[in-house]
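Accompanying notes for the structure given below.
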Amino acid sequence: MAKIKRQKIKTLLESGAAVENVRVQGWVRTRRDSKGGFSFLEVNDGSCLKNLQAIIDANLPGYDELTHQLTTGSCVDLLGNLVESPAKGQSVELQVKKLKIYGSADPEKYPLQKKRHSFEFLREIAHLRPRTNTMGAVMRVRNRLAWAIHKFFNERGFVYLHTPIITASDCEGAGEMFQVTTLDLDHVPKVDGKADFSQDFFGDKTGLTVSGQLEGEAYALALGEIYTFGPTFRAENSNTSRHLAEFWMVEPEMAFYDLDDDMDLAEEFIKYLVRDVLENCADDMEFFNQRIDSTILTTLKNIVDNSFERIHYSDAIHLLQKSNKTFQYAVEWGCNLQAEHERYLAEEAFKKPVVLYNYPESIKPFYMKLNEDRETVRAMDVLLPKLGEIIGGSQREDDYEILLERMKAKGVDPEEYGWYLDLRRFGSAPHSGFGLGFERLVQFVTGMENIRDVIPFPRTPKHARF
RNA sequence: UCCGGCGUGGCGCAAUUGGUAGCGCAAACGGCUGUUAACCGUUGAGUUACAGGUUCGAGUCCUGUCGCCGGAGCCA
């Protein structure tokens, strides 16, 4: 007889039809024994949030021994008939005819119990936490978002560009870098008291990328529209629920886009992603709404249905000054907006996503395009209620002279960025782009409070285990 | 990095003015039931993060270290 292929629980539950001879493989969540002569098994195979209820009849050979091993966490291979369930709680259930245990899990030692665990505890067992409902749901949504990102850009003719992970660009204005070296740290070769990187692997001082933007610009100015989607690293000692040392970033870069086009794309992008998840991860999203954040579905629907508020930085400053709220940090033109200010704008003033643009030149990096007033740059940030900044972008400076001038003013060595200046010396074009923190997006969409719980194995200061 | 809080059985927590540890869940065993966050009973399980100190006596007070959480800064 031919081998019966595994069916995913998701497929079986979606069809809801009775079928004979189906094979299900997965992990036992709980077992409830009935002295009526059978046991109920809740099996999950990761294909969806829901478990499949399996009935193990006491007449099965070796029932006593087998059920004993069917503990929470054990892995099983089940063969049987999918039938309509006589009891409430599920439409179909599996009447098991053949049972095999791939791996048991000693209940005295298995850390996951059939009870709620704190996320703090689950982080300590990051290799086992994917077997929980919440982490399973988070990872399915995360996957769907990643897929939707590729879909969105490819539908629009963007080219997926792989920018380097290791780079010699020193300061891209985006934070501290992790150094990459093969030098013997116990005996670092030195010249004039400083490390001699000419003897290092790359013959130069290198680090892990903090952004693929500059490389992305080079390709946008040839292919038209590109996007990157990959890991990014920041060696900042940030200990917050919104920061990781290693995170994934999406960075589209488009030739011939001005700042308005850039903002249009960012808004369309976020709405597209949210809509996609609402449509394709309905069960998981329902779970988040019930167990994690009871407002999440309403919030997401609002985002899809309403346009984002777009407001000049200067107008936002006025608005904040006019508000009767007392802020911990004073508001004045030229200051960086604090988290409390951003929160006021998105959560109280407008109660929806806000796009702030035309920031003071003084608080933004050298590559952003200077406005005619020479005081502001064409920069924009998208602020989300509760989460804060999720997107930062700008139209890039395409004028050679101005770019050079701004580099010098910001203390960036033009020598090192000769190649970047070349993009303005040869066939320069107006272009724009933005960066989106992928984990923050997952956080926002799922309602999860801590960014460490939306990435499989989080990297934060003092934490690189697993 | 700064400010605040916390660190007690596998997990979540409790312990009055300092008087040498309890509860719930989980687990094991038994009972009961087409059960479904199952239910009922019994049992076992803790050098109270670590290192010092004060005291007749420290989970409780003090110092230091480590870790975790919340907020802030930096940002995505």
Indicate whether the side chain of [X] and that of [Y] have a donor and an acceptor atom separated by less than 3.5 Å.
| X | Y | result |
| --- | --- | --- |
| A:N154 | A:Y227 | yes |
| A:S104 | A:Q69 | no |
| A:Y63 | A:S39 | yes |
| A:S394 | A:R396 | yes |
| A:T376 | A:N371 | yes |

- Query: Restricting to pairs with a member in residues 456-466 of chain A, which pass side chain to side chain donor-acceptor pair (under 3.5 Å), not counting sequence neighbours?
  - Reply: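 Listed once each, the pairs would be none.
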- Item | Listed once per pair and sorted, the side chain to side chain donor-acceptor pair (under 3.5 Å) pairs that draw on residues 334-355 of chain A, sequence neighbours left out |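 Side chain to side chain donor-acceptor pair (under 3.5 Å) check on residues 334-355 of chain A returns A:K325-A:E348.
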- Does the B:C68 base have a donor-acceptor partner in the side chain of A:R452 within less than 3.5 Å?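 Check fails, no donor-acceptor contact within cut-off.
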- Query: For the base of B:C75, is there a side-chain donor-acceptor partner from A:S238 under 3.5 Å away?
  - Reply: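 Side chain to base: no pair below 3.5 Å.
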- Step-by-step salt bridge (charged side-chain N to carboxylate O under 4.0 Å, His left out) determination, A:R123 to A:D453: CA-CA 8 Å; A:R123 268 171 231 150; A:D453 301 324; 2.7 Å; yes
Taking atom [atom1] in both [N] and [M], what distance in whole Å separates the two?
| N | M | atom1 | answer |
| --- | --- | --- | --- |
| B:U16 | B:A21 | C1' | 15 Å |
| B:C40 | B:U33 | P | 16 Å |
| B:C69 | B:A49 | C1' | 15 Å |
| B:G64 | B:G4 | P | 13 Å |
| B:C66 | B:A51 | C1' | 11 Å |
| B:G44 | B:C29 | C1' | 10 Å |
| B:A15 | B:G9 | C1' | 15 Å |
| B:C13 | B:U8 | C1' | 9 Å |

- Contact under 4.0 Å: A:R123 side-chain N or O vs B:C69 OP1/OP2: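 It does, given that an N or O in the side chain of A:R123 lies less than 4.0 Å from OP1 or OP2 of B:C69.
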- Item | Phosphate contact (B:G70 OP1 or OP2) by A:N450 side-chain N/O below 4.0 Å |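 So the side-chain polar atoms of A:N450 do come within 4.0 Å of the phosphate oxygens OP1 or OP2 of B:G70, strictly under.
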Take the protein atom [atom1] of [X] and the nucleotide atom [atom2] of [N], then report the distance between them rounded to whole Å.
| X | N | atom1 | atom2 | answer |
| --- | --- | --- | --- | --- |
| A:N237 | B:G71 | CG | P | 17 Å |
| A:Q338 | B:C74 | CD | P | 6 Å |
| A:I149 | B:A76 | CD1 | P | 16 Å |
| A:E124 | B:C6 | CD | C1' | 14 Å |
| A:K109 | B:A45 | NZ | P | 17 Å |
| A:K50 | B:A37 | NZ | C1' | 17 Å |
| A:R343 | B:G73 | CZ | C1' | 13 Å |
| A:F121 | B:G7 | CZ | P | 18 Å |

What contact category does [X] fall into here, base, sugar-phosphate, or nothing, at under 4.0 angstrom with non-hydrogen atoms?
| X | answer |
| --- | --- |
| A:E42 | base |
| A:F444 | nothing |
| A:F247 | base |
| A:T232 | nothing |
| A:H243 | base |

- Stepwise salt bridge (charged side-chain N to carboxylate O under 4.0 Å, His left out) test for A:R144 and A:D284: CA-CA 11 Å; A:R144 184 70 214 186; A:D284 289 323; over 6 Å; no
- Starting at the 5' end of RNA chain B, which residue's closest nucleotide do you reach first, A:E439 or A:T240?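 Mapping each residue to its closest nucleotide by heavy atoms, the 5'-most match is A:T240.
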Can you list, in residue-number order, the parts of [range] that come under 4.0 Å of RNA chain B, counting heavy atoms only?
| range | value |
| --- | --- |
| residues 388-396 of chain A | A:E389, A:I390, A:I391 |
| residues 375-386 of chain A | none |
| residues 453-466 of chain A | A:K462, A:H463 |

- Message: Considering only residues two or more places apart or on different chains, which pairs with a residue in residues 122-144 of chain A satisfy ring-ring contact (aromatic ring centres under 6.0 Å, His included)?
- Response: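 Sorted pair list: A:H127-A:F466.
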- Could you tell me which residues satisfy side-chain hydrogen bond (donor to acceptor under 3.5 Å, both in side chains) with A:D261, sequence neighbours excluded, listed by chain and number?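 With neighbours one apart ignored, the set is empty.
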- Query: Quick one: side-chain hydrogen bond (donor to acceptor under 3.5 Å, both in side chains) partners of A:D258, sequence neighbours excluded?
  - Reply: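 In terms of side-chain hydrogen bond (donor to acceptor under 3.5 Å, both in side chains), with neighbours along the sequence ignored, A:D258 is linked to no residue.
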- Message: Run the side chain to side chain donor-acceptor pair (under 3.5 Å) test on A:E253 and A:Y219 for me, step by step, so that the C-alpha distance in whole Å, both residues' side-chain angles and the decisive distance to 0.1 Å come before the verdict.
- Response: CA-CA 8 Å; A:E253 194 70 35; A:Y219 274 76; over 6 Å; no
- Listed partners of A:R131 passing salt bridge (Lys or Arg N to Asp or Glu O under 4.0 Å), at least two apart: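 Scan of A:R131 (salt bridge (Lys or Arg N to Asp or Glu O under 4.0 Å), adjacent residues dropped) gives none.
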- Message: So that I can compare with my own list, what are the stems of RNA chain B, taken as at least three consecutive Watson-Crick or G-U pairs with distances under 3.5 Å?
- Response: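 Stem segments, range with range: B:1-7 with B:66-72, B:10-13 with B:22-25, B:27-31 with B:39-43, B:49-53 with B:61-65.
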Using residues 243-252 of chain A as the side-chain source, report each donor-acceptor pair under 3.5 Å to any protein atom, sequence neighbours left out, with the distance given to one decimal.
| from | atom 1 | to | atom 2 | distance (Å) |
| --- | --- | --- | --- | --- |
| A:H243 | ND1 | A:T240 | OG1 | 2.6 |
| A:H243 | NE2 | A:R440 | NH2 | 3.4 |
| A:E251 | OE1 | A:G212 | N | 2.8 |
| A:E251 | OE2 | A:S211 | OG | 2.8 |

- Derivation of the ring-ring contact (aromatic ring centres under 6.0 Å, His included) call for A:Y257 and A:H431: CA-CA 5 Å; A:Y257 273 50; A:H431 62 289; over 10 Å; no
- From CA spacing to verdict: salt bridge (charged side-chain N to carboxylate O under 4.0 Å, His left out), A:D315, A:R310: CA-CA 10 Å; A:D315 294 336; A:R310 293 192 195 178; over 6 Å; no
- Stepwise, does the salt bridge (charged side-chain N to carboxylate O under 4.0 Å, His left out) test hold for A:K386 with A:E449? CA-CA 10 Å; A:K386 284 183 188 166; A:E449 284 189 359; over 6 Å; no
- Query: Centre of A:Y359's six-membered ring, under 6.0 Å away, within 45 degrees of the axis: is that where NZ or CZ of A:K364 sits?
  - Reply: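 Geometry flag: set, cation within 6.0 Å and 45°.
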- For every nucleotide of nucleotides 23-34 of chain B, 5' to 3': is a protein heavy atom under 4.0 Å from its base (B), only from its sugar-phosphate (S), or from neither (-)? -BBSSSS--BBB
